[in-house]
Amino acid sequence: MSDYLSQLNDVQRQAVTTTDGPVLVVAGPGSGKTRVLTFRIAHLIEKGVAPWEILALTFTNKAAKEMKERIEKIVGDKSDKVWAGTFHSIFARILRVEADKIGYPPNFTIYDTDDTKSVLSAIVKELHLDPTAYNVNNIRSRISSAKSNLITPRKYAEDEALRLQDRQANMPQIYAIYEKYTARCKRSGAMDFDDLLYRLYELWHTNPDGVLDKYRAKFKYVLVDEFQDTNHLQYAIVRKLVHYEGSPRNICVVGDDAQSIYAFRGATIQNILDFEDDFKPFGIRVFKLEQNYRSTEQIVQAANEIIIYNKRQIPKQIWSDKGLGQKIKLIKAMTDNEEGRRVADTIVEQKNRYHLRNGDIAILYRTNAQSRIFEEYLRRYNLSYRVFGGLSFYQRKEVKDLLAYLRLVVNPKDEEALRRVLNYPRRGIGDATLDKLSEMAGATDTTMWENLLKVEASTRAKNAIGEFVALIQKATELNGNAHEVATYIAKGSGLLSHLKEDTTVDGMARLENANALLDGIKAFVEEDLETESTADKSLAAYLQNIALLTDLDQADPDPDFITLMSTHSAKGLEFKSVFVVGMEEKLFPSYMAMDNPEGLDEERRLFYVAITRAEQFLTLTYSNSRYRFGQMRFNEPSRFLEEIPRDVLESTSSMSPRGGRTVTEETSVGTPTAKVMGNFARRPAAPSGPVVDPATFKPSPSESIQAGMRVLHLKFGEGKVLNVDGGKDNRIATIEFKDLSDAPQKKIMLKFAKLQILGGEAP
DNA sequence: GTTGGTATCTGTGGA
DNA sequence: AGATACCAAC
């Protein structure tokens with residue numbers, strides 16, 4: 001397969017074939033980013049680079065999976081050997097091998113967010129702190145961001161600025177919690193999600209036995225996807241690997257500042273800027289992918305104009321040649337219920353009129369909690385759908401309980417697992433005993449497990465503990481595969497019979513879930529048994545396999561389903577028809593982000609991500625009222641709706657008389673939508689920009705715009721055309737606006753531009 | 001220690 | 001509204 005290069009445009013091809021030295025690819029939505037990444041890897045392999053010398057890091061399992069599949073299509077089986085995966089999974093893989101060098105067992109447990117929160121609340125209790133002031137979510141995010149910025153517990157304690165912030169937030173003891181939490185994780189042989197990064201950094205930084213040099217020699221080519229979503233720590237790790245004296249610096253990062261949506265967990269687009277600076281002395285090449293192959297022009301135009309409202313961005317102009325396409329549809333509903341019904345109605349209509357399949361359609365929302373109403377209507381209309389995100393299978397209580405037993409068999413130090421199941425199902429070991437155990441462990445720096453048989457307790461408790469320990473030990477001695485051990489535990493612990501006792505509907509669902517987990521373990525043991533006789537089918541291997549999974553990986557009986565997911569998880573996906581729902585103030589943008597400009601910009605980027613998922617049809621919906629916190633709330637339409645250019649909007653409004661049918665009136669295309677926009681809360685337009693009175697504004701034909709002219713723009717006011725680039729349909733003007741102090745120069749696509757010529761001729 | 005009731009908080013996003 | 005946290009009674 002060598003004609004793959006012909007499937008690329010010029011810039012893409014350069015990004016693929018510039019294999020050596022540092023490369024930054026700025027990739028707009030739908031610009032073929034994954035294609036560039038996968039072709040680049042394939043190209044490296046064809047050039048003779050060994051697959052295992054290539055490291056490709058992504059953010060989500062989904063992205064990693066897609067990348068691997070696409071590489072396989074080009075180079076075949078060799079693709080297996082490429083180190084492609086999420087930051088967390090690749091780093092976990094390395095850490096398992098090197099664990100002993102940093103004082104961890106190779107079978108270390110990975111704590112998920114729930115485990116972390118549970119450890120934290122135990123610590124808050126032990127330190128006799130007020131749990132209302134010490135909110136575990138807040139503590140967790142403080143600790144997480146400390147780790148992401150390479151601040152150790154000791155440094156934290158010495159950092160006056162951080163300590164002051166904590167005092168002001170009424171949580172002066174965070175530093176102590178951080179220290180205790182770190183110690184407890186280590187004692188439990190456990191790492192949380194941040195530790196998977198942090199400990200790898202520590203490993204490479206301290207470099208015991210020259211371990212870093214080993215990986216530097218191994219990974220000759222490094223690629224990072226979604227670079228705009230990396231945090232300081234992730235970049236520090238990557239830099240350790242490729243940025244050193246004598247390194248060939250074969251690193252390629254791909255990202256889009258406009259799609260950075262994880263600042264809330266420490267991601268920073270500063271990394272892109274730093275990357276440019278760090279590698280400038282080493283001949284960095286920058287490629288911008290600006291052609292969008294996904295969406296029709298009006299969707300691209302809307303996206304371009306929205307993102308202009310953001311303060312900081314890398315200048316680029318995304319364009320499409322897919323034709324104007326359909327206008328963006330706007331649906332206004334009176335209630336959240338009506339919103340659900342009308343989205344379902346529109347889906348039925350689109351399916352009929354355009355012959356769309358369910359799989360062509362997605363409903364995107366800001367918060368997972370919004371999915372319920374859409375589910376109800378889709379079910380009522382008999383439309384097959386699937387909800388992604390939210391409570392995943394592995395987060396359900398009954399699944400976590402069984403998993404906790406299994407974790408304990410693999411790693412008896414795991415305190416969280418022990419706390420979870422020592423008295424579940426009930427066997428008469430209460431909080432008092434648990435507290436005593438914890439205290440003993442803390443005092444002697446041993447694990448709770450080691451103290452189980454020594455602890456002072458009632459006869460009943462002591463007997464129960466004895467049986468419990470015997471059960472776990474016996475499971476360990478079984479030495480069977482994952483499924484044998486799991487079945488033994490599920491029965492022997494009384495967990496299954498306990499679940500069977502509950503005959504309510506919910507109770508039966510729980511039993512089913514526990515059985516589904518056992519089935520899943522069985523499938524794990526049996527898969528590829530013939531082909532890979534050497535594959536590790538132990539319980540430890542199973543747990544490692546699932547620890548970093550998020551989505552429910554069940555085969556769907558009906559593969560043609562409508563996708564329901566959060567705007568965050570939609571990144572990287574595309575659908576013919578996309579519904580972005582709940583376009584309301586305090587919801588999208590989220591109330592959490594509304595009070596600061598950075599937060600608002602991130603919400604806007606999130607909206608940008610959402611609308612650029614659409615290939616042909618984009619529908620935005622909002623509701624006047626919705627239930628939140630069990631109460632009816634009234635919200636204004638989202639400010640983002642106002643930022644969409646009116647001439648790409650088509651609007652539909654409705655009245656739903658009590659018990660009556662929906663009356664739908666379509667506003668004709670092209671009519672100025674003042675009537676609709678009149679419903680919006682009025683807000684100043686562009687940040688600090690002047691607003692031109694639309695009544696007196698008369699746009700000139702775009703062909704007549706030439707360099708040197710003075711022009712008027714509806715949002716940015718008066719400016720001077722510095723130059724005009726590109727030909728025919730895709731002429732792009734660089735214009736300096738005198739009233740925009742921050743970033744006066746804007747690139748504007750003339751085809752869509754609303755510019756009025758004020759004077760000044762082409763020289 | 002367990003049970004059952006009431007009070008309280010939560011409800012961005014994800015590996 | 002729904003889950004969890006907490007408290008008094010057994």
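Throughout, protein chains are lettered first and strands after them, A, B, ... in sequence-line order, and every chain is numbered starting at 1. Owing to the predicted nature of the structure, the values given are computational and were not obtained by experimental measurement.
Stacking is found between A:F264 and the pyrimidine-like six-membered ring of the B:dG13 base under the 5.5 Å centre-distance and 30° plane-angle cut-offs.
Side-chain atoms of A:N135 lie closest to B:dT10 of the nucleotides B:dT10, B:dG14, B:dG11. Comparing atom distances between the A:R426 side chain and each of B:dT2, B:dA15, B:dG11 picks out B:dT2 as nearest. Nearest nucleotide to the A:T113 side chain, out of B:dG14, B:dA15, B:dG13: B:dA15. The A:Y591 side chain lies nearest to B:dG11 when the options are B:dG11, B:dA15, B:dT2. Nearest to the side chain of A:A369, among B:dG14, B:dG11, B:dA15, sits B:dG11.
Separating the C1' atom of C:dT4 from that of B:dG13 is a span of 22 Å, rounded to the nearest Å.
Summarising the geometry, the separation between NZ on A:K117 and P on C:dA3 is reported as 15 Å, rounded to the nearest angstrom. Regarding A:Q228, its CD atom lies at a distance of 15 Å from the C1' atom of B:dG14, rounded to whole Å. Taking atom CG on A:L364 and atom P on B:dG13, their separation rounds to 14 Å, with Å as the unit. Computed from coordinates, the A:F388 CZ to B:dG14 C1' distance equals 15 Å when rounded to whole Å. One atom, CZ of A:F193, and another, P of B:dG14, lie 12 Å apart when rounded to the nearest Å. The separation between A:L196 atom CG and B:dA15 atom C1' is 9 Å, rounded to whole Å. Note: CG (A:L422) to P (B:dG1) measures 11 Å, nearest angstrom. Note: CZ (A:R420) to P (C:dT4) measures 10 Å, nearest angstrom.
Of the options A:T619, A:L618, A:T621, a side chain to side chain contact (heavy atoms under 4.5 Å, CB included) to A:V580 is made by A:L618 and by none of the others.
Among the atoms of the strands shown, base atoms are found under 4.0 Å from some heavy atom of A:R140. If you check every strand for non-hydrogen atoms under 4.0 Å, A:A432 touches sugar and phosphate atoms only. Residue A:F87 is out of contact with every strand shown, counting any heavy-atom pair closer than 4.0 Å. Counting any heavy atom pair closer than 4.0 Å across all strands shown, A:F588 reaches no nucleic acid atom. Contacts of A:R460 with the nucleic acid, taken as non-hydrogen atoms under 4.0 Å apart, involve only primed sugar atoms and P, OP1 or OP2. Within the 4.0 angstrom heavy-atom criterion, no nucleotide atom of any strand lies near A:D112. Nucleic acid contact class of A:S458 (heavy atoms, under 4.0 Å, all strands): none. A:S569 comes within 4.0 angstrom of sugar-phosphate atoms only, judged by non-hydrogen atoms across all strands, and of no base. Using a 4.0 Å heavy-atom distance criterion, A:T60 is classed as a sugar-phosphate-only contact.
Ring-plane geometry between A:Y215 and A:F219 is classed as parallel, the angle between the planes falling under 30 degrees on a 0 to 90 degree scale with a further cut at 60.
Ion pairing between a basic and an acidic side chain is recognised when a charged N comes within 4.0 Å of a carboxylate O; A:D229 and A:K571 show such pairing. Ion pairing between A:K33 and A:D225 holds under the 4.0 Å rule for side-chain N and carboxylate O. Salt bridge absent: A:E643 and A:R639 never bring a charged side-chain N and a carboxylate O closer than 4.0 Å.
Between A:I429 and A:S566, the one whose closest nucleotide on DNA chain B sits nearer the 5' end is A:I429. Nearest-nucleotide mapping onto DNA chain B: of A:R265 and A:R427, the residue sitting toward the 5' end is A:R427.
Dashed line: the shortest gap from a side-chain N or O of A:N61 to OP1 or OP2 of B:dG14 is not under 4.0 Å. In this structure, A:N368 reaches the B:dG13 phosphate: one of its side-chain N or O atoms is under 4.0 Å from OP1 or OP2. A:T433 has a side-chain polar atom (N or O) that falls below the 4.0 Å cut-off from OP1 or OP2 of B:dG1.
Using modelled atom types, one finds a donor on one side chain and an acceptor on the other under 3.5 Å when comparing A:Q370 with A:T367. Looking at A:D192 and A:Y181, their side chains do bring a donor and an acceptor atom within 3.5 Å of each other.
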